[in-house]
Structure formats: structure tokens, C-alpha cells
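Residue numbers begin at 1 in each chain, while the letters A, B, ... track the order of the sequences.
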4 protein chains.
Amino acid sequence: MHADTKPRWERRKDARPQELLAAALDLFVDRGYAATRLEDVARRAGVSKGTLYLYFENKQELFKAVVRENVVQVIGQAESDMAAAEDASCTELLRTMLRRWWTELASTRASGLAKLIIMEAGNFPEIAQFYNDEVISRGQALIASILRRGMERGEFVTVDAQLMTHVLIAPVIMLMLWTHSHDPCGAGVDPEGYIETFLGLAQRGLARGTP
Amino acid sequence: MHADTKPRWERRKDARPQELLAAALDLFVDRGYAATRLEDVARRAGVSKGTLYLYFENKQELFKAVVRENVVQVIGQAESDMAAAEDASCTELLRTMLRRWWTELASTRASGLAKLIIMEAGNFPEIAQFYNDEVISRGQALIASILRRGMERGEFVTVDAQLMTHVLIAPVIMLMLWTHSHDPCGAGVDPEGYIETFLGLAQRGLARGTP
Amino acid sequence: MHADTKPRWERRKDARPQELLAAALDLFVDRGYAATRLEDVARRAGVSKGTLYLYFENKQELFKAVVRENVVQVIGQAESDMAAAEDASCTELLRTMLRRWWTELASTRASGLAKLIIMEAGNFPEIAQFYNDEVISRGQALIASILRRGMERGEFVTVDAQLMTHVLIAPVIMLMLWTHSHDPCGAGVDPEGYIETFLGLAQRGLARGTP
Amino acid sequence: MHADTKPRWERRKDARPQELLAAALDLFVDRGYAATRLEDVARRAGVSKGTLYLYFENKQELFKAVVRENVVQVIGQAESDMAAAEDASCTELLRTMLRRWWTELASTRASGLAKLIIMEAGNFPEIAQFYNDEVISRGQALIASILRRGMERGEFVTVDAQLMTHVLIAPVIMLMLWTHSHDPCGAGVDPEGYIETFLGLAQRGLARGTP
DNA sequence: GATGAATGAGGGTTCATTCAT
DNA sequence: AATGAATGAACCCTCATTCAT
């Protein structure tokens, strides 16, 4: 008589947002933006459709929150680290940054978000804009600043910093795509080996020969 | 009333599938799978919605047909060229191959298909498999063989040929994605400059220093 | 821990219903029945959504309560004034009554309620009935009795008293609607000018020409 | 065996819009704008939800079409008739116009639309704007121009044309509301008598005494 | 064959109502 | 008594698919 009766629902205000964001990340990554149904997100988080709207204004805001939670944070950290590493060797700094990108972003579930953006940006311009402003621009600026610093100090050969930035991020982005992609293009790529191969190429390709 | 008068566009019956496939390619590339409405495909092909269903069972079959139609016949030529260039410098050969990839494939509408396949592969494993076997494997083999030849001849530093192949194709694939993407990730990238920057990096990163 | 300390807002318990009714009146008048969200009513009354349900069974009951609360006590005064003005000129009396209607009723928040009742009557027959018995019938009787008296005394032309009553109240009701309406039908109508124009028309239209 | 089987649906392109408009008019008038569900409109017209969207872009456009079909037309006709009646007596013209308003609009199902607009204008500004532009402004202009003409010709006493217009349309609008209202405010009003009573009042109230 | 009108399952979103706290 | 998190039934609208013409 003492109530084994399960309550129809539980009140867990503090945990909900995280649970919803986790569920949303999974589904967005898995199915893409358009194909993710909010009802599924809710169910996966163990709540009803309506509850989701208590925490996120709409689908787009939910997505932005997912990006903020999983990607933007990491970029911010990298930016401050970079600022704090004034006197490190640029070669080393670049290697560190690109590696971190991999370990903290590309190797996580979050890498699926990059794929999603590339895929659906055309259909959801506002989302693309947001991602560009919050993630891409800042990431590229980070890389470019390392390149410029390295060129100033004579560590690197002279290149177009912006173009080289694009070249350098391409392999990491591709790895993200390959990793969180069901397609076999990059199947069987060992991420560790891939990253090292790439870093080696970059290091040699950028290094200024010692006179 | 003479029944022998040939209807004016009898011939169209044969052309219809091609027109539909062309229209579908354009729209799939532009908007992705889910966001492409069959009514738009039909209209672009100059027929009605119902007609499309006379030639393709449903949306998914149309998509498969588009891939089959557009994706295959592109590797053979490169393979024979490669075989014919036995004695060229590997540095030069690699540069030529990667450049051709860009000029003959990546810069065309077909690059949009690559993006599409990478992105929608999760929902169409069958297509992904097909694409991998017919296109990716053969392309990768081509690059890898150049790398191996260059290493044998002492032109290149020693690297893992397969991993380096992945590293080398990444920027070209990314350029394809950027080119046929509405998203701002690679917006403003000048393809020519990008390619040259990349080729320079690769050349320096692979070249064995002359003692 | 002296238990005699009076909680600071014990008294509120009694005030709550009034506060809720006031809030509900404002919002119902502003937005209509369907468009009024109970959450807004609660917030405006300074309580939470759940609290509202402690005092009113549901939205419909709240609405009924609002009507009951605001609609009745308005006719009595006019009735006794009329009785006290036995010997006034009927022309003057009519003018006074219609003016008072405007100044004491139509120009206040209560006029919004009239609109609301007229408009939502279809969905709340019970309320419509109540409103009719308590307000409309008595008001109409008042006007009609002035008309009859004026006709008896030879001040007015002969008309059907009941129909003319309807005609005479129409402009005042319309002014109520226009006043508490967001719609542009009567936008820009100056109530004072409107009333005077109307009274002039009525006076001339009713006056029996002096031979 | 010869097909008593009822086809799942019939193809009646030409009749559909009218059927949908009729169904929509009924429901809008009955329940108001917000409370009318498009599915009900469709069902009443004998089609499915989706079919409605083949003919009307959305709820708002459906409503506008209903107004155009039932109200705007009539105003247009009145405008041209007015223009064609250059030399008629203004007293007569005014009487004719107001009568026509009643016979062609107010006494029809369309009068419910006026109520709807007054009721919901605040919540649907765009609709209110449309109705004002297409119906109210033109109707008021019509009445005002008769008044002005009558004053110029010495038929009418001098009044503020705009205010008097508002006064004159009020009883007709009220009659519309009463007629298509479930509420009892105006219950039992005989429209014919009401109109005549009103026209008499107006005629006497406007007429310039013959010197 | 060809058409395009018609269908209906669903997806995003809102909100009256309930109930664990 | 009071709260506000949670629910779920609706509603508007879209679009792949069907089928009468």
C-alpha cells in the first residue's frame, strides 16, 4: 500500500537541459538537422514533446544550444591557451592546436555537427551563419595567427596565411567527416596515424630550412 | 486522321529519364536529399509530378539512379595516363594528378555529387558501398602508387603511403565540398590559390632534401 | 519562533480571486477568449499558473466569473435617476441618458466586456442570457420609456418605440466596440464628436416640428 | 462486377474553390477565425486537409478569399452604381445605399464576417488591415461622398461628413452583428422595421427644412 | 503515356490542464 | 496553499505517393 505506483512524471529541472542536449546531439549527428524529429529527441531524453519547449524555444535554438555546449566551449579554451603561449615555438604550437582539435572535437560525437553543417547549411542559412560566426571564423583565426607569428619569427616559409589555413584544416575536417560518417570513403583510416602523417607533412612543408 | 503521322515528340519518351536524372542531379546537389521535392524535379524536367513515377519507383530509387548515372565513368582515363607516364618525375606526376582531379572533376557539377554521397551515405549504405568500390578505391590506389614509386626512386621521404594518400586527397575533397556548398566554411576560398598552396605544401613536405 | 507572528500576506488569500478576475478582465477584453492564455492571466495577477486552478475550475469558469463580477451593477442608478426626472424635457432626458451611458459605461473598461460578450456569446449561451436579462433588457426599457413619454407629450414624432430604441442604442454600442477594439473600423473616431453628431441627428430626427 | 466501387476521390477542379469558400464562410462566421480549423473546412467541402492547400496558400489567404468573394464584390458594384447616379436625389441615394447594404450584405451570411473582424482584429492585424482597406475605407468613402454631395446641393443640413458617416453605419453594423450573432442583445429585432426606423430617423435628421 | 488533383501521415509548435514537490 | 515542470491533444502546414481522367 505504500506506493510502488510510479509517478506519471518526475520533476528534474536541473538535469533536463543536459539530458535534452545529449539526446539532441545524438540524433542531430545521426540523422542530420531536418530529419531529426523533436519528438524523438524528447523521447530519448525521457520526456514528452512539450517539455522540450520549456527549455528551448524551438528546433533552431535547440541546435544552437547543442553547438554551444559541444563546440563553442572548446574553441574558447583553445583561444585562451593560445594567448597564454606567447613564447612557445610556432611549430610546436601549431602541432598542439591541430592535435587538440582532433582529441577534443574531431574524435568526439561533436564532429558529427561539422558534417551536419556542411550538409544542410544551404537549407538553413541562419544556422550556417551562427556556426560560421561562432566556430569557423574563430578556428580559422586561431590557425592563421599561428602561421603569421611563425612567419614573422622566421620559423615558417612565407605562405598566404589564409589559404594555408584552409589547407591545414581540410584534413582535420575530412577526418571528422570520415569518423562520424557511415560512408566507407575513409573507412579504415587510423586516426592516430592519419593525424601524425598529416602533422609531419605540414611541419616539413612549412619549416624554413636552417641556413 | 492518317495514323502514320509521327507524333512530334515521340522521341521524347526515350529522353525523359535523362532529363529527369539531370534535373534530379541539380536539385539533389543543391538542396540535399530530404529537401529536394519531387515536384520541383519534375517541373525542372518539364514534366508533371506523376510522370516521374512512371520512370522511377520512388524518391530513393531516383536518387540511386542519379548516383549510378553520374558517378562512375571518371577514373579510367587517369589510370591509363598514369600507366603511360612511366618515366616522369613523381613530384610532377603527383602534381599533375591532383590538379587534374580538380580541373576535371572537382570543379564540375559532379563534385556536388561527391558531397551528397558523403553526406547521405548514412541513409544509403548500398550507394556508399557502390561509390567506394567504383570510385574511391581506384582513386586512392592511383595516388598511393605514385607515392610508392616516388619513395622507391628516392624522390620522396618515407611515409606510410596509404595514410599519406588519405591526407593528400582530403584537401581536394574539402575543396569539392566547399565549392558545392552554400555554407560559409570555405566561402571566399579561391580554388586556384588553394590548390597551389596545397600542392606547394605537399611538394615541400614530401621532397627528400638533396644532400 | 513565536507562532503568533502573522505571515505578511495572509490577507492575500482573500484578495487572490479579485486580482485574478481583474487580470482576466484585462486580457479577455484585450485579446478575446481564445487568445487569452491562462499563464498570462496568472502572471499579471502575480501568481503562478497552478494557483489559478485553485480558484477557478477552468478557463470557461474563469470567464463566467469575470462576466458576473463586472457586468451587473450598472443600471440601477440610471433607473432611479430617470424616475426622479418626471418633468424634464424628454429631448433633454434622452440626451442625458445616452450621454451618461457613454461617460459612465462605454468609456470605461467595462465597454470591453460588452464587446467580448457580444462576440463570444455564440460560445457561451448561458452568459449571453444572463447578460441580456440583467443589463440589456433593463437598459432598453429605460430608453423606450423616454421615447414613449416624449411621444405622449407631443415632443417626439410617432415612431415604434422598441425599434427606435434599438436604433438609438446601436451607435453607442458601436462606439463601445470601436473604443475597445484594435481594429481600424472606427479608428480615429473622436468619441466626443461622434456622440454629439449622433445626438444631433437623433434630436432632429425625433423632434416634432413646431407648427 | 462493373464497378459500383466508389472512387476514392473525385476530380472537380473547377468546383472546388467555390465549395471551399462556401465551407470556409460558414465556419468562419460560426466560430470565428482562430477557432476555425482548416481540417473542418476541408471536410465540410468534402475534401481532405491537403486539398485545401492546393487552392489557398494558407489560412489567412483563405480568409481573404472569402472576404473578396462575399464582400468586396458587392462594394465594387455599389461604387459604380453610385457613380452612375449623378443626378439622383441624395436623400434617395443615401436611402438606397444603406438599404442595399442591408439586402446584399448584412442580411446574408457574409454579415458574420464583420463580427469576426471586430472580434479578432486585434489578434490578426494583417487581416484587419486587409479588411479595412478593401471594405471599410471604401464603404465609408461611399457614404461620405453622398453626404458631401447632399450638403453641397443644399439637400442636407451641414454636418461633419466623416463623423456622420460613422454614425450612419453604426446601426447597420449593429444589425449585422445582431443578425449573425447567437447573443440575444438584438434578438427579436425585425430587420425590416429596424432599417425603416433608422432610415426615417436619418432622413429627418439630415433633411434641410424647406424655407 | 501523361497529367495534376487528391490524399493523409507527420513534423513543429502552442497551451489548457495536471500533479509532484 | 502555492508552485511550475510536465503532459498531450490539437492545430497549421508540407510533401511523397496514388489514381481518376
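Side chain of L54(D), nearest nucleotide from dT7(F), dT7(E), dT3(E): dT7(E).
Nearest-nucleotide mapping onto DNA chain E: of S48(B) and Y55(D), the residue sitting toward the 5' end is S48(B).
Around the CD atom of Q60(A), the shell of radius 6.0 Å holds more than 12 heavy atoms that belong to other residues, nucleotides or ligands.
The CZ-P distance, from F56(B) to dA16(F), rounds to 16 Å in whole Å. Regarding R31(C), its CZ atom lies at a distance of 14 Å from the P atom of dT14(E), rounded to whole Å. Rounded to whole Å, the distance from CG on L20(C) to P on dA1(F) is 13 Å. Between the CG atom of L52(D) and the P atom of dA5(E) there is a distance of 14 Å, rounded to whole Å.
Put simply, the side chain of L20(B) reaches to within 4.5 Å of the side chain of V47(B), judged on heavy atoms. Side-chain contact between F28(C) and N70(C) is absent, with no heavy atoms from C-beta onward closer than 4.5 Å. Put simply, the side chain of I127(A) does not reach to within 4.5 Å of the side chain of V67(A), judged on heavy atoms. Between Q18(A) and E69(A) the shortest side-chain heavy-atom distance falls below 4.5 Å.
Between R16(B) and the phosphate of dG1(E), there is no side-chain N or O to OP1/OP2 separation shorter than 4.0 Å. Look at R43(B) and you won't find any side-chain N or O under 4.0 angstrom from OP1 or OP2 of dG4(E).
Ion pairing between E126(A) and K64(A) holds under the 4.0 Å rule for side-chain N and carboxylate O.
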Subject >> Strand DNA chain E as a dot-bracket string - pairs counted if Watson-Crick or G-U with both distances under 3.5 Å, | where the partner lies in another strand >> reply: .||||||||||||||||||||
Original post:
How does each nucleotide of nucleotides 15-21 of chain E score, in 5' to 3' order, for protein heavy atoms under 4.0 Å: base (B), sugar-phosphate only (S), or none (-)?
Top reply: SSBBBBS
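To the nearest 0.5 Å, atom NZ of residue K59(A) and atom OG1 of residue T36(A) are 6.0 Å apart.
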**OP:** Step by step, work out the side-chain contact (heavy atoms from CB on, under 4.5 Å) result for L21(D) and Y55(D).
**Re:** CA-CA 10 Å; L21(D) 287 171; Y55(D) 298 98; over 6 Å; no
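Scored by the ring-ring contact (aromatic ring centres under 6.0 Å, His included) test, F124(D) finds Y33(D) as partners (sequence neighbours excluded).
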